[in-house]
Amino acid sequence: MVTTRLVLHSRFAVGEVSPLIFGGFLEHLGRSIYQGVYDPQSSHADADGMRTDVIEALRELALTVVRYPGGNFASGYHWRDGIGPRESRPAVRELAWQSLEPNTFGTDEFIALCRKLDWQPMIAVNLGTGSPEEARDWVEYCNAPTGTRDADLRSANGSPVPHAVPFWCLGNEMDGPWQLGHVPAEQYAIRAQQAAKMMKDVDRGIATVACGSSAPGMPTFLEWDRNVLEHLGALADYVSLHRYVGNPNDSPEDYLALSNSIDRQIEAVDACTRYVQERLRLPKRAYLCFDEWNVWYRARGGVHSDGRGRFAPHLIEERYNLEDALVVAIFLMSFIRHADSVKIANLAQLVNVIGPLLTRRDDLLKQSIFYAFRMVSARKAGVSLRGAVDGSGYTSERYGAVNYLDHAAVLDGDRLHVFAVNRHVEDAMQLTVECADREIAGVADSEILHADLKAENTFDEPEVVTAREFGGWVTNGNAVADLPPHAFVATTFRMA
Ligand code: AHR
């Protein structure tokens with residue numbers, strides 16, 4: 001048994017946790033939209049063709065903002081194809097995922113879904129094969145009051161009241177050679193600047209997300225971001241970060257030490273935004289929008305990303321186990337620890353495609369990562385506290401030294417949310433949580449995610465990895481519990 005103390009103080013605050021870090025992502029990719037959220041043929045379909053079973057499961061995740069329509073898809077998408085009467089929408093050849101796109105789901109359907117689930121919409125415009133003017137027109141279609149061409153078109157399509165889309169991504173992964181319309185940083189920066197200027201001229205209230213480099217392993221990392229942010233200046237409200245991780249060498253010790261690398265990615269991009277702010281003497285810096293993140297390494301490349309011209313092919317349908325769920329918790333805890341810089345984050349994606357949910361005809365499966373996300377998202381409100389950890393650790397081959405405890409803490413008035421992963425793969429951890437200036441009076445609720453490291457949910461056995469009530473805490477001013485090895489515990493304490 002390892003022993004660890006987590007010491008907090010209610011005044012050692014990092015910043016308010018942005019509710020927008022509990023976002024998601026829906027792309028026209030594989031069965032994410034079609035056979036995912038939208039399936040008029042399903043016995044679960046509502047009057048709008050949306051799957052009510054999927055909607056109810058997504059509601060449990062308490063998502064706040066959802067990005068759409070891609071992803072790589074966005075760079076070949078022309079939004080006018082996806083509006084108006086369905087019978088006159090074109091079916092098109094989709095190049096990013098080599099699929100058939102019927103366009104029966106588009107902007108208005110996405111907004112309707114957002115309204116059902118109380119999500120804030122986030123739209124990624126096409127800066128690959130599209131023009132800045134097309135992006136400008138999309139903002140007018142969504143956000144302008146009636147009286148001009150595109151706003152009147154929206155009204156004619158059934159929505160006289162503007163959709164009021166607050167967040168707009170200026171393209172997607174434009175530094176990647178795989179991206180349709182990929183260009184060097186200088187050229188992207190010009191496109192993005194032209195688009196952002198016109199988009200904000202249409203609606204001054206929108207916030208823009210500039211494409212950052214698409215992964216820390218890219219040769220473009222940081223230099224692209226600096227270049228683009230310097231060119232955009234105050235026209236970029238956020239810069240995007242993307243990260244997909246995995247355990248290809250089957251080393252849980254390495255995998256669970258990933259937090260070091262996620263922290264570094266965030267801190268490096270944040271340093272870049274601070275540099276640009278000072279150099280350009282901007283009143284505020286661009287904040288971080290981690291608009292794609294997840295575990296994704298098994299269902300990659302080849303047959304997983306080539307739809308061979310089909311409609312709703314099975315693409316990148318990753319299956320998740322317990323260790324993946326621990327890593328999802330590790331991502332979220334890192335975002336919380338960086339509450340002063342990470343203001344938006346989107347789990348990529350939501351249904352079927354690298355998703356917490358999987359559909360099989362009319363059945364629905366909640367994967368392990370569903371529970372990790374829900375456990376944190378249910379405790380999102382408050383101020384992130386800086387914690388001091390006193391305990392042993394280990395040195396992982398890929399990511400260096402870590403403590404056995406990975407954690408985050410959020411104070412919400414008389415409630416303290418504490419998130420803890422015991423990374424020890426064999427030993428339990430006796431964890432003591434203390435708040436130096438306040439007493440922990442008791443436990444409001446506590447949940448644990450624990451199973452074999454490789455255990456996963458299947459349609460036959462859907463509840464192998466699921467959040468269960470955790471009754472292990474003893475509170476007496478402090479709180480003490482024994483956490484099993486490789487487990488995630490999320491707790492809300494009552495404070496005196
Ligand atoms: O989420 C799947 C893909 O990953 C997205 O389309 C792209 O932006 C990223 O490379």
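Numbering starts at 1 and runs along the sequence shown.
Atom-to-atom distance recorded for Leu127:CG and Gln179:CD is 10.5 Å, nearest 0.5 angstrom. Distance check: Asp406 CG to Leu326 CG gives 10.0 Å after rounding to the nearest 0.5 Å. Separation of atoms CG (Asn172) and CG (Asn126) is listed at 10.0 Å; rounding is to 0.5 Å.
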Chi angles and distances behind the side-chain hydrogen bond (donor to acceptor under 3.5 Å, both in side chains) call for Arg415, Thr492
CA-CA 6 Å; Arg415 291 277 190 271; Thr492 301; over 6 Å; no

Using the rule given for side-chain hydrogen bond (donor to acceptor under 3.5 Å, both in side chains), can you reason through Asp46 versus Thr52, listing the C-alpha separation, both sets of side-chain angles and the distance that settles it, and then say yes or no?
CA-CA 6 Å; Asp46 67 12; Thr52 52; over 6 Å; no

Check the pair Val410, Phe419 against side-chain contact (heavy atoms from CB on, under 4.5 Å), reporting the backbone distance first and the verdict last.
CA-CA 9 Å; Val410 179; Phe419 307 102; 4.1 Å; yes

Assess whether side-chain hydrogen bond (donor to acceptor under 3.5 Å, both in side chains) is satisfied between Asn352 and Tyr34, documenting all intermediate values.
CA-CA 10 Å; Asn352 291 327; Tyr34 309 110; over 6 Å; no

After noting the C-alpha distance and the side-chain angles of Glu173 and His242, does the key distance pass the side-chain hydrogen bond (donor to acceptor under 3.5 Å, both in side chains) rule?
CA-CA 8 Å; Glu173 293 189 348; His242 288 185; 2.6 Å; yes

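Counting only distance, with no hydrogens or angles, the side chain of Gln98 and the backbone of Ser305 share no donor-acceptor pair below 3.5 Å. Not a single donor-acceptor pair under 3.5 Å links the side chain of Glu447 to the backbone N or O of Glu469.
Annotation: cation-pi pair Arg300/Trp296 present, NZ/CZ under 6.0 Å from the ring centroid and within 45° of its normal.
Between Tyr188 and His231, the ring centre distance reaches or exceeds 6.0 Å. Outside the 6.0 Å centre-distance limit, the rings of Tyr244 and Tyr297 are not counted as a close aromatic pair. A distance of 6.0 Å or more separates the ring centres of Phe110 and Phe105.
With Ser384 as the fixed residue, the side-chain contact (heavy atoms from CB on, under 4.5 Å) test singles out one of Asp340, Val14, Leu411, Val342: Val14.
Using modelled atom types and a 3.5 Å distance limit, the side chains of Asn103 and Arg80 yield no donor-acceptor pair.
Here Arg51 pairs with Asp53 in a salt bridge; the nearest charged N to carboxylate O distance falls below 4.0 Å.
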